[in-house]
Amino acid sequence: MPMGHTATAQAGSGGLTATEHRLANGLRVVLSEDHLTPVAAVCLWYDVGSRHEVKGRTGLAHLFEHLMFQGSAQVKGNGHFELVQGAGGSLNGTTSFERTNYFETMPAHQLELALWLEADRMGSLLTALDEESMENQRDVVKNERRQRYDNVPYGTAFEKLTALAYPEGHPYHHTPIGSMADLDAATLEDARQFFRTYYAPNNAVLSVVGDIDPEQTLAWIEKYFGSIPSHDGKPAPRDGSLPDVIGEELREVVEEEVPARALMAAYRLPEDGTRACDAADLALTVLGGGESSRIYNRLVRRDRTAVAAGFGLLRLAGAPSLGWLDVKTSGDVEVPVIEAAIDEELARFAEEGPTAEEMERAQAQLEREWLDRLGTVAGRADELCRYAVLFGDPQLALTAVSRVLEVTAEEVQEVAKARLRPDNRAVLVYEPVAPAAGDAADAADEATEAAAAGTDENEEAAK
C-alpha cells in the first residue's frame with residue numbers, strides 16, 4: 001500500500017485539509033475530503049507543457065492532450081468520454097506552458113471508474129496509438145488553431161505578444177497551440193517518444209477531492225496505478241529566467257480586419273509562487289481588475305476613449321509572469337491617446353501607491369476568486385495539483401488566501417514602480433483595415449464579443 005501522511009488544518013486554510021501519499025512507482029497522490037455534496041473530483045497533472053518542447057516540434061504537448069482521449073488498451077475510441085458522461089460525470093483536459101492536466105468530476109459512487117480510466121490511458125495508451133488517431137487529432141488541433149487563433153479578431157495577439165516578451169530561443173517564446181508547420185511535421189514516433197518520456201507516474205500528481213473514503217480511494221489508486229512502471233529519462237526543462245526588466249519597449253503594429261483599434265501590452269513581472277507576484281496581482285487588480293479599477297474608470301467612464309479595458313496577471317512559475325493589458329478603443333480614437341492616459345495612470349500609481357480603500361477592495365476581490373476555486377471540488381483538486389507540480393507542496397494551495405492578505409500597500413507600490421514601466425513591456429497595436437466585400441456585416445457582429453473578451457481570452461489561450 002502507498003506510503004503517506006495525514007495533514008492537519010493549517011492556519012489560514014479555512015479548515016481545509018489534504019493528505020499526501022506516494023506510490024512505489026513515484027506517483028504523488030493528494031486527497032482532500034469534502035462531504036458537502038455527493039461528488040468527487042479527479043485531477044491528474046503531468047509535469048509537461050509547451051516549455052518542454054524543442055524547436056520544430058512546437059504544439060506536441062497540446063496535440064498529445066487530444067491523443068489521450070483517442071482510446072487506450074481497454075477503452076476504445078471515444079470511450080473515455082462516453083463512460084464518464086454516461087455515469088453522470090464531466091471531463092476535459094488542458095495544456096499550458098508548464099503542465100498538461102486531465103480531470104473528471106463524478107458522482108461519488110462512480111469515483112472508481114474515473115480512476116480506472118485515468119490509469120488505463122497512463123499505462124496503456126501506446127497500445128492504441130496509431131496513424132489513424134494521430135491524423136484525426138492532428139486535424140482537430142489544426143482546426144482549433146484556425147477557429148481560436150487565425151480566423152477571429154485579435155486571435156493571434158497572445159501568440160504575438162508572447163513571442164515579443166520572451167526572446168527567440170526562450171522556452172516560453174512559443175505558445176502551446178504550436179505552429180501549423182510543426183503540427184504537420186509531427187510524426188507518430190514523435191508522439192510515442194513524447195508519451196514514453198513524460199507520461200509516467202513519477203512525472204505526475206493525482207489529486208482526488210470530495211465525498212470520498214480516503215482508505216478505499218488509496219486502495220483503488222494502488223490497484224490501478226501501482227503496476228505502471230516509472231520512467232527516468234525526462235530531460236530538465238530549459239532555463240526560463242530573464243532579467244527583471246526588458247530594458248526597452250518592444251512594439252509591433254498589426255494591420256488586420258478587426259472591429260476596432262486595440263492596444264495590448266505585456267509587462268514582465270515576478271515569477272509565480274513569490275510574495276512579489278502576489279503584490280503584482282494586487283497592483284493589476286487595482287489598476288485594471290474590473291469596472292471599479294483605475295484604468296477602466298479613466299478610459300471607459302471618464303474619457304470615453306475605450307469600450308473595454310482590463311489588466312490581468314498570467315502567473316508563470318518557470319519564467320517571469322506577464323501583466324496583460326488589453327484595451328479596445330472607442331470610435332475613431334487613436335492609440336497614442338490611450339497610451340498616454342495609461343502611462344499617466346501607471347506613473348501616478350507608482351508615485352502614490354494604492355489607497356487603503358483600493359487595497360481592501362483588491363484583496364477582497366482576489367480572496368473571493370481564491371475561495372471560489374477552493375470551494376469547489378474540481379477547483380481545489382486542480383490547485384492541489386498545481387502547487388504540488390510547480391512548487392513541490394500541495395499544502396500551499398490551502399494557505400494562498402492568507403498570503404495575499406498579508407501583502408502591504410508598500411509592497412504593491414514597490415512592484416508597480418519597479419516593473420510597470422515603458423521600458424519593461426512588449427506592445428501590440430491593432431490598426432483596422434477595410435474588410436473584403438461581404439465581410440463588413442460579420443465584422444460588426446464580432447465587435448461586441450471581441451471588445452468584451454478582456455484578459456480572460458489570454459489565459460485561456462495559454463491552456
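Basis for what follows: all heavy atoms, side chains included, without hydrogens, waters or symmetry-related copies. The residues of the chain are indexed from 1 along the displayed sequence.
No donor-acceptor pair closer than 3.5 Å links the side chain of R425 to the backbone N or O of E249. With hydrogens and angles disregarded, no donor-acceptor distance shorter than 3.5 Å links the side chain of Q363 to the backbone of L282. Between the S207 side chain and the V30 main chain, no donor and acceptor come within less than 3.5 Å of each other. A donor-acceptor distance shorter than 3.5 angstrom exists from the side chain of N25 to the backbone of F225, with no hydrogens or angles considered. Put simply, the side chain of N297 gets close to the backbone of S292: a donor and an acceptor are under 3.5 Å apart. In this structure, the side chain of S293 does not engage the main chain of V286 through any donor-acceptor pair within 3.5 Å. A distance-only check finds a donor-acceptor pair linking the side chain of Q395 to the backbone of A18 [under 3.5 Å]. A donor-acceptor pair is defined here as one N or O able to donate and one able to accept, closer than 3.5 Å; such a pair exists between the side chain of E53 and the backbone of G59. Panel note: side chain Q413, backbone E351; a donor-acceptor pair is recorded below 3.5 Å.
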Can Q70 and E132 be said to form a side chain to side chain donor-acceptor pair (under 3.5 Å), step by step? CA-CA 10 Å; Q70 281 291 284; E132 182 181 356; over 6 Å; no
Could you walk me through whether W324 and Y267 satisfy the ring pair (Phe, Tyr, Trp, His ring centres under 6.0 Å) test, starting with their C-alpha distance in whole Å, then the side-chain angles of each, then the deciding distance to 0.1 Å, before giving a yes or no? CA-CA 7 Å; W324 193 277; Y267 291 78; over 10 Å; no
Show your reasoning for whether side chain to side chain contact (heavy atoms under 4.5 Å, CB included) applies to L63 and M134. CA-CA 9 Å; L63 174 61; M134 181 77 173; 3.9 Å; yes
Evaluate ring pair (Phe, Tyr, Trp, His ring centres under 6.0 Å) for F69 paired with H80, printing each intermediate quantity in order. CA-CA 7 Å; F69 289 97; H80 195 112; 5.8 Å; yes
Run the numbers on V401 and T399 for side chain to side chain contact (heavy atoms under 4.5 Å, CB included), then give the verdict. CA-CA 5 Å; V401 171; T399 55; over 6 Å; no
Salt bridge (Lys or Arg N to Asp or Glu O under 4.0 Å) assessment of R298 paired with D303: CA-CA 6 Å; R298 170 69 184 270; D303 297 350; 2.7 Å; yes
Does the pair E357 and R361 meet the rule for a salt bridge (Lys or Arg N to Asp or Glu O under 4.0 Å), with working shown? CA-CA 6 Å; E357 181 183 353; R361 185 167 60 240; 3.6 Å; yes
For a side chain to side chain contact (heavy atoms under 4.5 Å, CB included) check, start with the C-alpha distance between V412 and F349, then their side-chain angles and the critical distance, and finish with the verdict. CA-CA 10 Å; V412 172; F349 189 76; 3.8 Å; yes
Could you walk me through whether L420 and L269 pass the side chain to side chain contact (heavy atoms under 4.5 Å, CB included) check? CA-CA 8 Å; L420 300 180; L269 294 174; 4.1 Å; yes
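In this structure, the side chains of L313 and L322 stay at 4.5 Å or more apart for every pair of heavy atoms.
Interatomic distance, L44 CG to R99 CZ, rounded to the nearest 0.5 Å: 11.5 Å. Annotation: the span from H231 atom NE2 to K234 atom NZ amounts to 10.5 Å, rounded to 0.5 Å. Within the model, atoms OG of S72 and CE of M122 stand 12.0 Å from one another, a figure rounded to the nearest 0.5 Å. Taken from CZ in R268 to CG in L242, the straight-line distance is 4.5 Å, to the nearest 0.5 Å. In this structure, CD1 on I295 lies 5.5 Å from CG on L346, to the nearest 0.5 angstrom. Atoms CZ and CG, on R146 and N151 in that order, are 8.0 Å from each other to the nearest 0.5 Å.
Closest of all the heavy-atom pairs between S50 and A61 is N-CB, 4.2 Å. Between G178 and T58, the shortest heavy-atom contact is CA-OG1, 3.6 Å. Taking both residues in full, the closest heavy atoms of G290 and Y296 are given as O-CB, 3.5 Å, listed atom of the first, atom of the second, then distance. Taking both residues in full, the closest heavy atoms of A165 and A426 are given as N-CB, 4.0 Å, listed atom of the first, atom of the second, then distance.
For the residue pair N136 and S133, no side-chain donor N or O sits within less than 3.5 Å of a side-chain acceptor on the partner. Looking only at atom types and distance, the side chain of N202 has no donor-acceptor partner in the side chain of S230 under 3.5 Å away. Side-chain polar atoms of N424 and R421 form no donor-acceptor pair below 3.5 angstrom. Side-chain contact annotation: E98 with H52, donor-acceptor N/O pair under 3.5 Å absent. E159 and T156 form no side-chain donor-acceptor contact under 3.5 Å, judged by distance and modelled atom types alone. Judged by distance alone, the side chains of E168 and H174 never bring a donor and an acceptor atom under 3.5 Å apart.
A salt bridge links E135 to R138: at least one charged side-chain nitrogen sits closer than 4.0 Å to a carboxylate oxygen. Look at D182 and K55 and you find no salt bridge, because none of the NZ, NE, NH1 or NH2 atoms lies under 4.0 Å from a carboxylate O. The residues D190 and R192 are annotated as not salt-bridged, no charged nitrogen and carboxylate oxygen being separated by less than 4.0 angstrom. Note on R261 versus E255: no salt bridge recorded, every NZ/NE/NH1/NH2 to OD/OE distance being 4.0 Å or above. A salt bridge is defined here as a Lys NZ or Arg NE, NH1 or NH2 lying under 4.0 Å from an Asp or Glu carboxylate O, and D244 with R419 meets this definition. One finds a salt bridge joining E345 and R348 here, because a Lys/Arg side-chain nitrogen approaches an Asp/Glu carboxylate oxygen to under 4.0 Å.
Between F195 and Y199, the ring planes are parallel. Angles under 30° get that label, and only those over 60° would be called perpendicular. Taking the six-membered ring where tryptophan is involved, the planes of Y154 and Y430 are perpendicular, since the angle between them exceeds 60° and thus also 30°. Note on ring orientation: taking the six-membered ring where Trp is involved, the planes of F64 and F194 are tilted (angle from 30° to 60°).
In terms of the salt bridge (Lys or Arg N to Asp or Glu O under 4.0 Å) criterion, residue partners of D272 (sequence neighbours excluded) are, by chain and number, R315, R386.
For E271, the CD atom is densely surrounded, since the number of other residues' heavy atoms within 6.0 Å is greater than 12. More than 12 heavy atoms of other shown residues, nucleotides or ligands fall within 6.0 angstrom of atom CG in D184. Counting non-hydrogen atoms of other residues, nucleotides and ligands closer than 6.0 Å to CD of E352 gives a total above 12. A 6.0 Å sphere centred on CD of E431 holds more than 12 heavy atoms belonging to other residues, nucleotides or ligands.
Between Y46 and Y198, the ring center distance fails the sub-6.0 Å criterion.
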